[in-house]
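A short write-up of the structure that comes next.
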2 protein chains.
Amino acid sequence: MLRALFNSFHKVSDEDYQAIEQFTATLHIKKNHDLQPIGHTCKTIYFIKKGCARIYYFKEDINITESFSFENNIVVRYESLFTGRPSKKGIQLLEDGEIIAINAAKLFELFPTHPAIETLFRKIFQHCLVEQVNRIESLQFHTAEERYKDLLQLSPNILQRVPLKHIASYLGITPVSLSRIRAQH
Amino acid sequence: MLRALFNSFHKVSDEDYQAIEQFTATLHIKKNHDLQPIGHTCKTIYFIKKGCARIYYFKEDINITESFSFENNIVVRYESLFTGRPSKKGIQLLEDGEIIAINAAKLFELFPTHPAIETLFRKIFQHCLVEQVNRIESLQFHTAEERYKDLLQLSPNILQRVPLKHIASYLGITPVSLSRIRAQH
DNA sequence: AACATTAATTATCATATGTAAAGTACTTTC
DNA sequence: GAAAGTACTTTACATATGATAATTAATGTT
């Protein structure tokens with residue numbers, strides 16, 4: 001499953017895959033619990049095998065969802081992993097979940113001896129970069145209603161899995177405002 | 001100059017640097033001219049030696065600035081370079097500029113034989129990823145006024161170099177709205 | 001220098017979103 | 001199963017931003 005995801009970015013040999021696997025652990029986390037709390041420096045790349053999660057932070061007491069992640073996706077707080085600074089963001093499970101944790105420091109140590117692994121993760125990060133650019137475009141010049149409709153199109157079942165208050169803050173609006181948008185069907 | 005920038009991400013040997021240099025060209029572009037027009041597939045990584053540029057696109061006749069880039073920075077339309085799809089975005093010079101163009105296809109071909117070059121660009125892309133995440137945070141939950149002040153703090157001389165209309169669309173607001181924000185000092 | 005074009009500001013009005021408060025429905029806990 | 005808590009909606013009002021149009025300022029062209 002993890003390997004299938006990897007292969008979709010860059011084919012790796014059995015040996016390379018096993019080298020990565022060596023530094024992975026499977027975690028079972030309950031709904032509403034944190035995979036990583038606010039304030040810790042991110043040293044792990046997570047892969048969601050089952051469940052869904054959100055990256056969140058507080059702005060003046062307001063709980064803001066930066067992103068959602070569902071099965072078969074990677075979750076990383078890049079701004080912490082790539083700078084070495086503590087993250088003001090946490091990762092919370094929105095459903096009971098099964099998570100594969102990859103030790104990032106150990107993984108990065110593999111790069112000099114396993115170029116294919118470095119290539120794999122370079123391509124994964126490139127893909128993430130494209131996702132972020134698209135998100136910026138959406139936030140910069142779409143109305144809240146357009147962003148809501150786009151989100152439903154991209155993740156049709158998100159309404160069944162994620163509380164509306166998180167969707168609201170993800171869209172950059174208040175729950176009241178989201179209610180209004182939903183009401184005018 | 002380019003090498004100094006590279007070194008700030010990852011030290012490369014003379015040989016590696018020369019391998020990259022082989023696929024670079026220096027361009028002189030006049031103010032208001034396009035470095036790359038809308039609709040072309042991005043196959044080049046640009047480095048700004050002198051001048052400043054913006055990535056822009058149209059949304060229903062409205063000319064939107066996605067990002068600004070100044071001296072000593074890299075400009076790439078990731079969503080095109082990393083997907084191979086034509087970009088609906090262009091790159092325009094806002095001042096007469098001197099640009100170093102790196103042929104991305106040739107560069108990527110160096111990766112298997114020059115692992116240090118791959119590492120260098122992985123780190124550059126990681127840095128860009130962090131920048132994009134920060135931009136998302138700014139767009140998602142700051143008011144237009146906060147975003148304006150943050151921009152001035154980050155690029156204090158931007159007002160002298162960039163027309164306000166571009167700054168407005170970069171902030172996700174109309175020029176009229178930016179005028180108002182500036183008026184209430 | 002005169003003219004034409006574009007950029008920026010200001011004013012007015014319309015609309016979208018925020019804030020606060022109250023009500024309803026759903027969950028959780030004991 | 002009652003009580004408490006949480007999520008969501010609705011209403012009323014406040015504020016920020018958008019749209020349009022008119023004016024002034026700045027820039028480019030001949």
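Chain naming here is simple, since letters A, B, ... match the order of the sequence lines and numbering starts at 1 in each. Computed from a predicted model, the values in this text were never measured in an experiment.
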Rounded interatomic separation in angstrom, taking CG from B/Asn32 and C1' from C/dT6 = 11 Å
Rounded to the nearest 0.5 Å, how far does CD1 of B/Ile117 lie from CZ of B/Phe121?
-> 8.0 Å
Aromatic B/Tyr57 / basic B/Lys88 pairing, under 6.0 angstrom, 45° off normal = yes
Nearest-Å distance for atom pair CD/P, residues B/Gln140 and C/dG18 = 12 Å
Any A/Arg182 side-chain nitrogen or oxygen under 4.0 Å from OP1 or OP2 of D/dT9 | yes
OH of B/Tyr46 to CD1 of B/Ile55: how many Å apart, nearest 0.5 Å?
-> 10.5 Å
Spell out protein contact along nucleotides 12-25 of chain D as letters: B when the base is contacted, S when just the sugar-phosphate is, - when no protein heavy atom is under 4.0 Å; keep the 5' to 3' order.
-> B----BBBB-----
Nearest-Å distance for atom pair CD1/C1', residues A/Ile64 and C/dG18 = 14 Å
Check whether any side-chain heavy atom of B/Thr119 lies under 4.5 Å from a side-chain heavy atom of A/Phe111, and answer yes or no.
-> no
Should B/Glu98 and B/Lys49 count as an ion pair when the cut-off is N to O under 4.0 Å?
-> yes
Taking NZ, NE, NH1 and NH2 as the nitrogens, is one of them in A/Lys149 or A/Glu145 under 4.0 Å from a carboxylate oxygen of the other?
-> yes
Please give, in whole Å, the distance from C/dT19 P to A/Glu60 CD?
-> 10 Å
What's the NE2-C1' distance between A/His142 and C/dT17, to the nearest Å?
-> 18 Å
So, for B/Tyr170 and B/Tyr148, is the gap between ring centers shorter than 6.0 Å?
-> no
Side chains of B/Ile99 and B/Val75: does their closest heavy-atom pair fall under 4.5 Å?
-> no
Quick one: do the A/Asn7 and A/Tyr17 side chains pair a donor with an acceptor below 3.5 Å?
-> no
Axial bend angle, the helix from C/dA1-D/dT30 to C/dC30-D/dG1: five-pair end segments, nearest 10° | 50°
With a 4.0 Å cut-off, would you call A/Arg135 and A/Glu131 a salt bridge?
-> no
Before accepting this row, confirm whether a basic side-chain N of the pair A/Lys31/A/Asp96 lies closer than 4.0 Å to the acidic partner's carboxylate O.
-> no
Atom pairs under 3.5 Å: protein N/O with N/O of nucleotides 26-30 of chain C:
none

